[in-house]
2 protein chains.
Amino acid sequence: MKLSLRGEYALRALIVLGLNYHEHVVPIQVISEQQNIPKRFLEQILGDLKSVGIVESKRGVAGGYRLRMAPDHITLAAVIRHIEGPLAPVSCVSVRFYERCSCPDEAKCGIRSIMKEVRDAIAALLEKYTVAQLCERVRKLQGENLNPLDYII
Amino acid sequence: MKLSLRGEYALRALIVLGLNYHEHVVPIQVISEQQNIPKRFLEQILGDLKSVGIVESKRGVAGGYRLRMAPDHITLAAVIRHIEGPLAPVSCVSVRFYERCSCPDEAKCGIRSIMKEVRDAIAALLEKYTVAQLCERVRKLQGENLNPLDYII
DNA sequence: TTTAATGCTTAGTAATATAATAAACTAAAT
DNA sequence: ATTTAGTTTATTATATTACTAAGCATTAAA
């Protein structure tokens with residue numbers, strides 16, 4: 001598993017939306033400026049998250065994005081799988097993105113059997129952590145009494 | 001951490017060399033045919049492993065490659081770090097390939113603190129496993145009594 | 001001392017992925 | 001009607017991946 005900028009931006013945007021979960025919708029512009037993410041690029045990323053039902057949008061004046069699910073129901077695994085693809089280091093050990101690799105017999109492949117352990121370790125962590133926990137960490141790290149829109153992620 | 005074909009080929013080649021550790025040198029040609037790895041590409045990869053002292057070569061007639069270190073001294077972490085780069089999902093949590101990322105304050109970055117756990121989980125496994133253990137798995141999976149050059153990896 | 005089998009070195013390339021940018025459109029609120 | 005904001009579809013620059021090509025250098029054996 002490798003987190004590209006695209007994936008990092010997605011997580012940062014979700015934290016902003018998570019910290020503002022009970023407030024109004026947050027415009028792309030605001031997320032873009034606060035997090036220093038190119039606006040056009042962020043549009044694509046949020047559109048992508050919308051298509052899987054992680055966020056929802058409101059158009060027009062006073063429009064923007066909000067989470068569509070409670071922050072503690074959005075696992076990092078779900079987000080990263082959708083933005084980046086497989087969590088596994090090789091796709092022949094991926095559960096959701098399985099693809100055959102070049103070895104002749106998977107059942108007898110030594111590399112595969114070790115990479116399976118690596119995948120499981122990664123997946124265990126990323127299935128455990130949610131956007132809510134990410135937000136919690138940000139609050140803990142930066143102090144409880146900040147305004148949601150002042151958090152630096 | 002993501003294993004590209006290059007990295008997979010490196011591991012497969014090291015298994016072949018590991019299984020033949022006490023024998024003579026193994027020619028690229030043999031590894032290439034047995035493992036179905038493009039020869040020229042494998043030359044590059046083995047040259048790369050040679051430059052870090054993981055394998056050594058003998059030129060000329062009856063030349064080839066052998067491990068330069070005992071198989072149980074070659075961790076998968078060392079191999080993968082050299083072939084693929086950082087084990088960490090983002091390089092701001094990488095121990096050996098650290099690079100600053102785009103967030104304003106790393107100490108307060110929630111993403112970073114979770115990705116650090118992911119890195120540690122991956123590194124723990126890959127530091128633990130060695131080429132010797134990989135070879136052991138191959139032997140276990142395929143039967144003890146095969147000739148080293150008959151193993152299918 | 002030649003020759004054939006090997007590794008070594010440098011360069012080039014095609015395909016794909018990454019990280020954007022651009023332009024024009026649609027929807028909603030005032 | 002106008003302005004704010006999300007939507008859609010292309011386009012582009014750069015980097016990475018997985019090779020491929022060509023020719024040189026070394027060594028053992030005939």
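Protein chains get the first letters and strands the later ones, always in sequence-line order, with residue 1 at the start of each. Just so it is clear, the structure is predicted and the values come from calculations on it, not from any experiment.
- Using a 4.0 Å heavy-atom criterion, one finds that A:Ile28 contacts the sugar-phosphate atoms exclusively.
- One atom, CZ of A:Phe41, and another, C1' of D:dT14, lie 13 Å apart when rounded to the nearest Å.
- Using a 4.0 Å cut-off between charged side-chain N and carboxylate O, B:Glu43 and B:Arg40 make no salt bridge.
- Interface residues of residues 53-66 of chain B facing DNA chain C, ordered by number: B:Ser57, B:Lys58, B:Arg59, B:Gly60, B:Val61, B:Gly63, B:Gly64, B:Tyr65; criterion, heavy-atom separation under 4.0 Å.
- A:Leu49 places its CG atom 14 Å from the P atom of D:dG6, with the value rounded to the nearest Å.
- Distance, B:Leu46 CG to D:dA18 P: 16 Å, rounded to whole Å.
- In terms of phosphate contacts, B:Ser4 brings no side-chain nitrogen or oxygen within less than 4.0 Å of OP1 or OP2 of D:dT16.
- Contact check on A:Arg81 versus A:Glu127 returns a salt bridge, with a Lys/Arg side-chain nitrogen under 4.0 Å from an Asp/Glu carboxylate oxygen.
- Between the CD atom of B:Glu43 and the P atom of D:dA18 there is a distance of 18 Å, given to the nearest Å.
- Straight-line distance from the CZ atom of B:Arg40 to the P atom of D:dA21: 7 Å, rounded to whole Å.
- Regarding contacts with the backbone of D:dA18, every side-chain N or O of B:Tyr9 stays at 4.0 angstrom or more from both OP1 and OP2.
- Side chains of B:Glu99 and B:Ser94: no donor on one and acceptor on the other come within 3.5 Å.
- Contacts between residues 76-83 of chain B and DNA chain C, counted as heavy-atom distances below 4.0 Å, involve no residue at all.
- Looking at heavy-atom distances under 4.0 Å, A:Lys50 makes contact with sugar-phosphate atoms alone, never a base.
- A pairwise comparison of heavy atoms in A:Tyr65 and A:Ser57 identifies CE2-CB, 3.6 Å as the closest pair.
- At whole-Å resolution of the value, CD1 in B:Ile37 and P in D:dA18 are 12 Å apart.
- In 5' to 3' order, the nucleotides of DNA chain C bounding all contacts with chain A (an atom under 4.0 Å from a heavy atom) are C:dA19 to C:dA29.
- Look at CD on A:Gln44: it is 13 Å from C1' on D:dG6, rounded to the nearest Å.
- Separating the CD1 atom of B:Ile45 from the P atom of D:dT17 is a distance of 12 Å, rounded to the nearest angstrom.
- Heavy atoms only, all atoms of each residue included: A:Ala77 and A:Leu87 are closest at CB-CD1, 4.2 Å.
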